[in-house]
Amino acid sequence: MSTTRPATAPPAGPGDPIQAMLEAPLSLRERKKLKTRQTIRREAYRLIAEQGYENTTVDQIAAAAEVSPSTFFRYFATKEDLVLTDEYDPAMIEALLARPSDESFLRSCREALTELVRHLLEHDREELVVRMRLIKDVPALRSRIFDATSPPQRLYLAVLTRRAGVQEPTFAMRITAAALAAATAEAVLQWAEAGGAEDFADLIDRTFAILEDGFTSL
């Protein structure tokens with residue numbers, strides 16, 4: 001989703017790495033890269049709305065965005081990644097790493113992800129709805145979010161290893177990342193299937209609350 005920064009955004013409060021990162025000034029190179037990503041994504045969603053996901057090719061998206069196919073793949077590894085990844089991932093990683101070191105990873109994820117989703121709903125709700133609907137309706141996207149290589153699972157695993165100061169994730173870390181990614185995916189589908197009617201941030205918070213309870217409420 002785009003990271004258009006509203007001119008009237010409130011100043012970041014102390015301990016708010018997500019807002020602070022999103023409000024940080026960008027270099028000329030970073031602005032150009034962000035503009036290109038946003039253009040590719042915008043044209044992709046326009047084409048998909050007109051002719052469907054399966055009938056929209058990378059070549060068509062690249063042509064509409066006035067870039068080459070090779071440029072498309074420098075920004076998005078696959079067509080699926082155009083929907084499944086976004087520019088907020090670095091902010092999420094920074095937010096997780098900024099949480100207290102003695103806090104459980106589950107609690108860190110609950111706090112950081114809920115805050116990030118609230119920001120998305122405030123600034124990028126329309127695009128978020130489009131993405132969630134595509135994930136719900138397109139089989140290739142729906143299956144990918146439960147895949148071991150899904151962007152959320154890779155993100156959780158990367159943060160776990162960095163917090164632990166190790167190069168390779170342990171078995172426990174892989175299990176944790178897989179469980180968190182699956183829970184996040186279920187929350188995404190729940191929200192999309194309800195047509196975005198639920199408060200997505202509250203849904204994410206409830207999702208992690210269930211995990212923190214250790215399923216004792218079931």
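Below, each value reflects all heavy atoms present in this structure, side chains not excepted, and no hydrogens, waters or symmetry copies.
- Taking the ring pair (Phe, Tyr, Trp, His ring centres under 6.0 Å) definition, one finds that Phe76 meets it with Phe72, sequence neighbours left out.
- The heavy-atom pair separating Val117 from Ile204 by the smallest distance is CG2-CG1, 4.0 Å.
- For the side-chain hydrogen bond (donor to acceptor under 3.5 Å, both in side chains) condition, the pairs that include at least one residue of residues 161-179, sequence neighbours left out, are Ser108-Arg163.
- With rounding to the nearest 0.5 Å, the separation of CG in Leu97 from CE in Met92 is 10.0 Å.
- In terms of heavy atoms, Ala62 sits closest to Pro69 at CB-N, 3.9 Å.
- Qualifying side chain to side chain contact (heavy atoms under 4.5 Å, CB included) partners for Ala178, counting only residues two or more places apart in sequence or in other chains: Gln153.
- Note: Leu82 CG to Lys79 NZ = 9.5 Å, rounded to the nearest 0.5 Å.
- Within a 6.0 Å radius of NZ in Lys33, other residues, nucleotides and ligands contribute 12 heavy atoms or fewer.
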- prompt: Would Tyr75 and Val67 satisfy side chain to side chain contact (heavy atoms under 4.5 Å, CB included), going step by step from the backbone distance to the final call?
  reply: CA-CA 11 Å; Tyr75 288 90; Val67 299; over 6 Å; no
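- Residues meeting the side-chain hydrogen bond (donor to acceptor under 3.5 Å, both in side chains) test with Asp147, sequence neighbours left out: Thr149.
- Summarising the local packing, CD of Glu66 is surrounded by 12 or fewer heavy atoms from other residues, nucleotides or ligands at distances under 6.0 Å.
- Atoms CZ and CG, on Arg131 and Leu120 in that order, are 8.0 Å from each other to the nearest 0.5 Å.
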message: Set out, in order, the CA-CA distance, both residues' side-chain angles and the distance that settles side chain to side chain contact (heavy atoms under 4.5 Å, CB included) for Ser150 and Leu84, then state yes or no.
response: CA-CA 8 Å; Ser150 69; Leu84 297 176; over 6 Å; no
Going by atom type alone, with no hydrogens or angles, which donor-acceptor pairs under 3.5 Å involve a side-chain atom of residues 181-193 and a protein atom two or more places apart or on another chain?
{"from": "Thr184", "atom 1": "OG1", "to": "Tyr156", "atom 2": "OH", "distance (Å)": "2.9"}
{"from": "Thr184", "atom 1": "OG1", "to": "Leu180", "atom 2": "O", "distance (Å)": "2.8"}
{"from": "Gln190", "atom 1": "NE2", "to": "Glu198", "atom 2": "OE2", "distance (Å)": "3.1"}
{"from": "Trp191", "atom 1": "NE1", "to": "Glu198", "atom 2": "O", "distance (Å)": "2.8"}
{"from": "Glu193", "atom 1": "OE2", "to": "Arg142", "atom 2": "NH2", "distance (Å)": "3.0"}

query: Given the rule in the side chain to side chain contact (heavy atoms under 4.5 Å, CB included) test, do Tyr53 and Asp137 qualify, once you have shown the distances and angles that lead to the verdict?
result: CA-CA 10 Å; Tyr53 179 85; Asp137 295 336; over 6 Å; no
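- Evaluation of the salt bridge (charged side-chain N to carboxylate O under 4.0 Å, His left out) rule for Arg110 yields Asp205, Glu212 as partners, not counting sequence neighbours.
- No donor-acceptor distance shorter than 3.5 angstrom exists from the side chain of Lys136 to the backbone of Gly195, with no hydrogens or angles considered.
- Side-chain contact between Tyr88 and His119: present, with at least one pair of heavy atoms (C-beta onward) separated by less than 4.5 Å.
- Residues passing the side-chain hydrogen bond (donor to acceptor under 3.5 Å, both in side chains) test with Ser68, sequence neighbours excluded: Ser70, Thr71.
- Here the closest non-hydrogen pair linking Leu121 and Ala201 is CD1-N, 3.8 Å.
- Taken together through direct or relayed side-chain contacts under 4.5 Å among Ile, Leu, Val, Met, Phe, Trp and Tyr, Ile175 and Ile145 form parts of separate hydrophobic clusters.
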task: Show your reasoning for whether salt bridge (charged side-chain N to carboxylate O under 4.0 Å, His left out) applies to Arg42 and Glu127.
output: CA-CA 9 Å; Arg42 182 179 65 249; Glu127 187 173 331; over 6 Å; no
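- Remark: the backbone N or O of Ala140 is paired with a side-chain donor or acceptor of Ser143 at under 3.5 angstrom.
- Take Lys32 and apply the side chain to side chain contact (heavy atoms under 4.5 Å, CB included) test, not counting sequence neighbours, and it matches Leu28.
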Check against side chain to side chain contact (heavy atoms under 4.5 Å, CB included), Leu155 and Leu96: CA-CA 10 Å; Leu155 185 151; Leu96 285 171; 3.9 Å; yes
message: Using side-chain hydrogen bond (donor to acceptor under 3.5 Å, both in side chains), reason through Glu43 and Gln60 one step at a time and then give a plain yes or no.
response: CA-CA 9 Å; Glu43 292 302 320; Gln60 290 172 336; over 6 Å; no
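- For Pro100, the side chain to side chain contact (heavy atoms under 4.5 Å, CB included) test picks out Asp102, Glu103, with sequence neighbours left out.
- In this structure, Phe208 CZ and Glu111 CD are separated by 11.0 Å, a value rounded to the nearest 0.5 Å.
- Taking Glu80 as the reference, nothing meets the salt bridge (charged side-chain N to carboxylate O under 4.0 Å, His left out) condition, with sequence neighbours excluded.
- Scored by the salt bridge (charged side-chain N to carboxylate O under 4.0 Å, His left out) test, Asp202 finds Arg118 as partners (sequence neighbours excluded).
- Phe73 has its side chain within reach of Val58: a pair of non-hydrogen atoms, C-beta onward, lies under 4.5 Å apart.
- Residues forming a salt bridge (charged side-chain N to carboxylate O under 4.0 Å, His left out) with Asp81 (at least two apart in sequence, or on another chain): Arg144.
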